[in-house]
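Worth knowing before you read on, the calculation uses all heavy atoms, side chains too, and leaves out hydrogens, waters and symmetry mates. Reminder, nothing fancy here: chain letters follow the sequence lines and each chain counts from 1. None of these values were measured; they are calculated from a predicted model.
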Protein chains: 2
Amino acid sequence: MPDNLSENYDPSLFERPSVTVDVVIFSLVADDLRVLLVKREAPPFAGMWALPGTFVRLDESLGDTAVRALTNKTGVRDVYTEQLYTFGRPDRDPRTRVITVAYFALIPYDSVVQQAEGETTEWFSLSQLPDLAFDHAEILAYALTRLRYKLEYTAVGFQLLPDVFTLSELQKAYEIILDEKLDKRNFRRKILTADILEETGEKKKEGEGRPAKLYRYRKDAIAEVKTRRLFP
Amino acid sequence: MPDNLSENYDPSLFERPSVTVDVVIFSLVADDLRVLLVKREAPPFAGMWALPGTFVRLDESLGDTAVRALTNKTGVRDVYTEQLYTFGRPDRDPRTRVITVAYFALIPYDSVVQQAEGETTEWFSLSQLPDLAFDHAEILAYALTRLRYKLEYTAVGFQLLPDVFTLSELQKAYEIILDEKLDKRNFRRKILTADILEETGEKKKEGEGRPAKLYRYRKDAIAEVKTRRLFP
DNA sequence: ACAAAAGTGTTGGTGTTACACCCATGT
DNA sequence: ACATGGGTGTAACACCAACACTTTTGT
């Protein structure tokens with residue numbers, strides 16, 4: 001094989017790796033950030049837990065593959081997904097060369113309906129993860145870093161909540177993910193001045209205290225919250 | 001093909017796409033941000049310019065593939081590279097399914113030595129780009145956005161300069177890439193308080209004016225410049 | 001009337017921007 | 001001595017962090 005091979009050649013002449021998409025699906029369950037894992041039934045790593053994933057079909061885009069894997073396991077359709085990183089260590093799969101494009105997804109737990117038939121899936125708390133197959137622990141760690149990072153400068157948090165939610169619920173979601181208490185007044189000011197939510201006009205009446213205003217995400221909004229530039 | 005295919009199956013049963021790595025190589029040439037392109041000789045897109053790229057070998061990591069493509073075209077070895085994004089539209093290559101993992105690289109122009117034999121390469125100014133093959137225009141645009149973004153909150157700029165440089169040279173690099181004038185005193189304060197450079201002790205004597213102190217990157221430094229968090 | 005959760009402003013501090021002059025060298 | 005680029009400090013401003021009480025409802 002020549003050292004200067006380039007795509008001028010017929011691609012079919014080269015050996016091809018397998019390509020999969022693995023999805024790190026986050027959701028909030030019982031005031032806890034959790035991730036969906038699938039129990040492997042066949043080797044390699046039979047009996048271990050792994051990220052939901054699937055092979056890329058030749059006629060589908062990577063994003064479509066991610067959504068397919070996700071919908072297949074959760075029944076959820078319209079979801080926030082984002083490509084994370086592509087992992088391709090030659091030995092990451094003992095069978096053959098498999099390159100995986102990792103995605104992460106945020107879904108509201110109340111929209112999860114159908115579990116895939118014949119497969120064991122489970123929502124694991126991030127503090128009680130089992131050993132994972134392949135390099136999935138690395139992928140998951142990467143996804144968590146990215147999620148936390150994104151929360152700090154964008155406003156994706158509400159993707160984990162139902163369509164309509166209160167500011168207290170949103171704050172709680174942020175606190176769970178970032179694992180720290182936030183100041184109520186500062187939080188509200190930041191979220192509201194970011195101008196990405198709109199009031200529904202409705203209020204949530206439930207339990208004791210004063211009813212809370214309900215908000216929804218303004219679909220026309222730019223999700224980026226203003227950040228400080230280093231060199232303005 | 002079953003709808004719930006997962007990596008429990010033998011990967012060799014599935015049709016495999018080709019996988020390439022394409023590299024967006026930036027450098028500063030004559031006070032201008034430029035990118036290295038290769039002229040395609042064979043179809044598809046024969047005669048058009050494209051990003052340097054190559055097929056991933058079955059025994060090499062993606063990062064190694066990127067470095068190989070890069071070294072092959074520029075002779076440069078130790079380079080700042082970073083994985084950018086993976087592009088996989090099914091029709092992006094007319095021959096067959098080709099998924100490409102895009103990288104970007106920053107190299108000091110004075111370290112470019114050998115051009116690949118038998119290939120026409122050229123450094124194009126970003127303001128005078130030719131039409132590009134495949135979806136390479138999209139990849140390039142993405143890389144430029146990412147480069148500018150990174151400059152705003154990290155200090156990768158010096159990766160485009162020689163080992164040793166003056167603060168004025170660094171500032172000029174930032175100005176070229178961000179395409180705006182920066183304040184000298186503020187720029188110096190930010191860079192120096194970021195604590196990623198060290199004085200060499202030497203001075204640059206050249207041309208008229210006062211000789212400038214020479215700096216080099218502290219290899220032990222953390223390249224991230226402090227950023228403001230949204231929710232502290 | 002009391003418990004529970006929602007909602008609301010102000011102040012001090014910190015970091016950022018804007019800005020002008022002196023210094024060291026070559027010619 | 002003058003032209004050229006290197007180097008330095010400060011004051012106004014904007015943004016952020018910290019903090020406590022009032023309002024609305026259910027019981």
Scan A:T166 against the nucleic acid and name what it touches under 4.0 Å (heavy atoms): base, sugar-phosphate only, or nothing. nothing
Length of the CD-C1' vector between A:E180 and D:dA17, whole Å: 13 Å
Can you find a side chain N or O atom of B:S168 that sits less than 4.0 Å from OP1 or OP2 on D:dG5? no
Residue A:R210, side-chain heavy atoms: nucleotide from C:dA5, D:dG9, C:dA24 that is nearest: C:dA5
Rounding to an integer number of Å, can you tell me how far A:F187 CZ sits from C:dA6 C1'? 14 Å
What's the CD-C1' distance between A:Q171 and C:dA5, to the nearest Å? 12 Å
pair A:L147-A:V24: side-chain heavy atoms closer than 4.5 Å: no
In the structure I gave you, are the side-chain heavy atoms of B:L160 and B:I177 within less than 4.5 Å of one another anywhere? yes
Per side-chain contact (heavy atoms from CB on, under 4.5 Å), A:T86 is matched among B:I99, B:L84, B:L62 by B:L62
Starting at atom CZ of A:R188, determine the distance to atom P of D:dA17, rounded to an integer number of angstrom. 18 Å
Minimum-distance nucleotide (side-chain atoms of B:A212 versus D:dG6, C:dA4, C:dA18): D:dG6
Min side-chain heavy-atom separation B:F104-B:V35 under 4.5 Å: no
To the nearest Å, how far apart are B:L214 CG and C:dT25 C1'? 15 Å
Send over the distance from B:K203 NZ to C:dC23 C1', rounded to a whole Å. 10 Å
Looking at every strand, decide which applies to B:K213 at a 4.0 Å heavy-atom threshold: base, sugar-phosphate, or nothing. sugar-phosphate
Ranking A:G209 and B:K184 by the position along DNA chain D of their nearest nucleotide, the one closer to 5' is B:K184
Between A:R189 and B:P211, name the one whose nearest nucleotide on DNA chain D is closer to the 5' end. B:P211
Atom CD of B:E208 to atom P of D:dG6: distance rounded to whole Å? 12 Å
Tell whether B:R185 reaches the base of C:dA20 with its side chain through a donor-acceptor pair below 3.5 angstrom. yes
A:S127 versus A:S125, side-chain donor and acceptor atoms under 3.5 Å: yes
What's the closest nucleotide to the side chain of B:N186 if the choices are C:dT27, C:dC19, D:dG6? C:dC19
Whole-Å distance between D:dA18 P and A:K190 NZ? 10 Å
